[in-house]
Protein chains: 2
Amino acid sequence: MGHAEASVGGERSGTARAQSGVSSSSLRRQNLSSILTMIHMSGPASRSEIGAATGLARSSVAGLVGELETVGFLRQTRAVPDGRPGRPSPVVDVQPESAVLAFEVEVDSLAVAVVGLGGRVLSQRRADRAHDGGSVDQTFRDLGRLANECQSEADHARILAAGVAIAGLVDHRSGRVVSAPNLGWEGLDLGTEVGSACGFDGHIAVRNEGELALRAESVRGAAQGCRDVVYLSAKVGVGGGILSNGHFIVGRAGLGGEVGHLPVNPDGVRCNCGALGCFETEVGERTLLARAGLDPNGGRGETAKLVARASDGDDQALEAFATSGRWLGLGIVALAHTFNPEKVVLGGLYRSGFAYVVEPINEVLAERSFPTLDGLSIVPSDLGDAAPLLGAAELAFDHVLADPMGFASSD
Amino acid sequence: MGHAEASVGGERSGTARAQSGVSSSSLRRQNLSSILTMIHMSGPASRSEIGAATGLARSSVAGLVGELETVGFLRQTRAVPDGRPGRPSPVVDVQPESAVLAFEVEVDSLAVAVVGLGGRVLSQRRADRAHDGGSVDQTFRDLGRLANECQSEADHARILAAGVAIAGLVDHRSGRVVSAPNLGWEGLDLGTEVGSACGFDGHIAVRNEGELALRAESVRGAAQGCRDVVYLSAKVGVGGGILSNGHFIVGRAGLGGEVGHLPVNPDGVRCNCGALGCFETEVGERTLLARAGLDPNGGRGETAKLVARASDGDDQALEAFATSGRWLGLGIVALAHTFNPEKVVLGGLYRSGFAYVVEPINEVLAERSFPTLDGLSIVPSDLGDAAPLLGAAELAFDHVLADPMGFASSD
DNA sequence: AGAGGTTTGTAGCACACATGAACAAATATT
DNA sequence: AATATTTGTTCATGTGTGCTACAAACCTCT
């Protein structure tokens, strides 16, 4: 529950004070937010359940739900007897027509989706992206086209906000891409560009795909209900996201959770970041393929082959996974000591190869008996490749959920 | 500046729902908390400044400040003309008689202080602790005695809450010491023990000294006003604390920020945690002394000698610091990639030797040009050895500041 | 020295919101 | 069919903040 971060904390910076004083209106905003967030995250609930969960009085819940229904976020279905005594309570559910636009910019693909409240995907499109990337303009034209197709398919949806996942570093205070080496982008105002590409003029939030994949996993995936989670995903690069006590680690310039360049092996290979033995060089796709005797730059085809070989019991493939698993374990140890998480979720390459890395990882953990590692479980990603896109949707929803009436329709 | 964390988030766990609904009374609690927190953190302010900072109306501020004055937290001094036009606003300041008890349990010393609102130290006592530790009972007898002396000296103080800093791992949900190897403690219910030792039956919070030192630095020290800070302190062990977006990293069981056992050197020395090349073994006191050709177990005397030699330009001492500095830099890189902090504050050994490690650290950072490292500044601790004790006081104040009326006096 | 402008404190009223009690409605149980 | 239980609805109530006058205290300009 509850990582609808207070928008105040994240947005303001510098001189402007916190404006920490609250008045009656923010009280109602908070209660509307609580109820809508609860239904969005946990699914339909009866009005009495809402009351129990929030601690609000019956009459208050009625008023709040009624308002959220009027503006198109919730709907109430007729009460159905459930076998228990007492008058049945109407069931409250989302109106999935209230939706957001989600974008994903990967190295080799682009994706757009319209996602309704409650997390239902109303429409979705994915397109390949040329490996050389093509021009930046071409990318935005493609995104705009995909967005139009998605909106046509989900033509009854009302778009409230938008979120963008990108394989690169984002200063999310400004929405600017600080650096996306694998895309060849730098200093791009991605939010604005995406907005004009698809003709959406509402709020567009931009984040790193690692954080967004974790967002998705923590709302509807492998880390559901967890407040302390580390997410690691290896493709060409190694990305990640961190949820600590229900808050996403963002950092001063929004560059937190960049675990790809953790130094794990001072004697390792030189990374293009200038250092030796980065996490990325030890456990990334290229190194893994090279260890298995496959083409390091082979991309999806080669990784599929690698997984197939491991599944067939090929020793070299299994050993390659095991070696990566041990380095992965070392990185996990570092992260576990700093965050003391409940779970580590593995995505990308190590989701497909989860069976072949989980034991080496657990061996590394077992070698070190330290309280921060107690009860730590390593699990594979639940949502897989869909995670960043779904996370972008959840990011967009965060703004809506934090202040529903700010996005209310007039009808 | 707002790391009076909402007590709700930290305390509840498991099945009990968030009770996210809020009512008028919590509204007032929040506003009282905002004002008191502001004065406690930032010092005296005029009533109109309070209004500007919180966004509350003049009449609301008057009522809130009046209530906080009645119950003994604030006081208003007569308005003084300041040269600007308009009626002068009364200056609001804390009543330092409202105070907390702060405890510190170090390997070689014990300390107690009475600290008033606003951070004024009203009384303070420190005593050596036998290196073998003596019996646990003896430690608590000593703490009780020091506490009594402190309370006698500050006899007009009204103790509201207490905080304990300990050189060990604490599950702060329960207040239990999970493991304090350097003290030889395990599974001790420290909060309860300290309470009965000094006859205080209010709320006693217990945390690791690293987090608490950072708390102090972030409120009144080298990291004042920063929302993203990493604190590293090396003594015998290496401890630390992390503040990310204004929230202290605590982890699932409260064991977050345990940076001492970050793996930095797979070819390093074996650590008593079972691993090779922990941060602690590479940059801790013993290794540093050994590198300088001094007695690794010499304690304070030897470290003082080391600093003196470095100050005299002794090559071996300087080289020892430089080597540690490079490993320190590597650890800082790891932490900076994950947190993207604004500052890294160095305490303990590397505060005294700051001048001799800062350059090697910055060289390591410079070798890696990565956006997460941009603008990162390495600074020495401001509060030094006093930090953990002052941080324990701030921890205790957190509870008071979050709900002032819950600690109100009747007079 | 006095008038006018500016900022702030104070008091009273208005407004927004959540609450709780009382009653009605819908279901299960006996 | 009667009773118990749970919930929706309505309305009066209480709490808390905001706003508008008006008074007080200060500065500046003439």
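Here is how names work: the chains are called A, B, and so on, in the same order as the sequence lines, proteins then strands, and each is numbered from 1. Not measured: the values here are computed from a predicted model. No hydrogens, no waters, no symmetry mates; every other heavy atom, side chains included, goes into these values.
Between B/Ile35 atom CD1 and D/dG16 atom C1' there is a gap of 13 Å when expressed in whole angstrom units. If you take CD1 of A/Ile50 and C1' of D/dG8, they are 14 Å apart, rounded to a whole angstrom. Here the P atom of nucleotide D/dG8 and the CD atom of A/Glu69 are 13 Å apart, to the nearest Å. The distance from atom CG of A/Leu64 to atom C1' of D/dT9 is 15 Å, rounded to the nearest whole Å. If you take CZ of B/Arg29 and P of C/dC17, they are 19 Å apart, rounded to a whole angstrom. Nucleotide C/dA16 holds its P atom 15 Å from the CG atom of A/Leu32, rounded to whole Å. Atom CD in B/Glu49 sits about 16 Å away from atom C1' in C/dG9, given to the nearest Å. As rounded to whole Å, 16 Å separates atom P of D/dA24 from atom CZ of B/Arg47.
When distances are taken from the side chain of A/Arg28 to each of C/dA18, D/dG16, C/dG9, the shortest belongs to C/dA18. Here the nucleotide nearest the side chain of A/Ser23, chosen from C/dA18, D/dG8, D/dT17, is D/dT17.
When each of B/Ser46 and A/Leu27 is assigned the nucleotide of DNA chain C with its nearest heavy atom, B/Ser46 is the one assigned upstream, toward the 5' end.
Screening residues 22-57 of chain A for ring-ring contact (aromatic ring centres under 6.0 Å, His included), with sequence neighbours left out, gives A/His40-A/Phe397. Sorted by first and then second residue, the pairs that involve residues 79-88 of chain B and meet salt bridge (Lys or Arg N to Asp or Glu O under 4.0 Å), not counting sequence neighbours, are B/Asp82-B/Arg84.
The side chain of B/Ser48 places an N or O atom within less than 4.0 Å of a non-bridging phosphate oxygen (OP1 or OP2) of C/dT8. A/Ser89 has a side-chain polar atom (N or O) that falls below the 4.0 Å cut-off from OP1 or OP2 of D/dG8. Between C/dC17 and A/Asn31, no contact under 4.0 Å exists linking OP1 or OP2 to a side-chain N or O. Distances shorter than 4.0 Å separate some side-chain N or O of A/Ser60 from OP1 or OP2 on C/dT19.
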Q.
Please encode protein proximity along nucleotides 22-30 of chain C as a string of B, S and -, counting only heavy-atom distances under 4.0 Å.
A. B--BBBS--
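A donor-acceptor pair shorter than 3.5 Å can be found between the side chains of B/Arg47 and B/Gln76. Counted by atom type alone, A/Ser26 and A/Gln30 present zero donor-acceptor pairs between their side chains at under 3.5 Å.
Listed by chain and number, the residues in a salt bridge (charged side-chain N to carboxylate O under 4.0 Å, His left out) with B/Asp382 amount to none (sequence neighbours excluded). Remark: A/Arg220 engages A/Glu394 in a salt bridge (charged side-chain N to carboxylate O under 4.0 Å, His left out) (not counting sequence neighbours). Here A/Glu67 pairs with A/Arg28 under the salt bridge (charged side-chain N to carboxylate O under 4.0 Å, His left out) rule; sequence neighbours left out.
For A/Ser59 and C/dG20, a side-chain-to-base donor-acceptor distance below 3.5 Å is present, hydrogens and geometry of angles not being considered.
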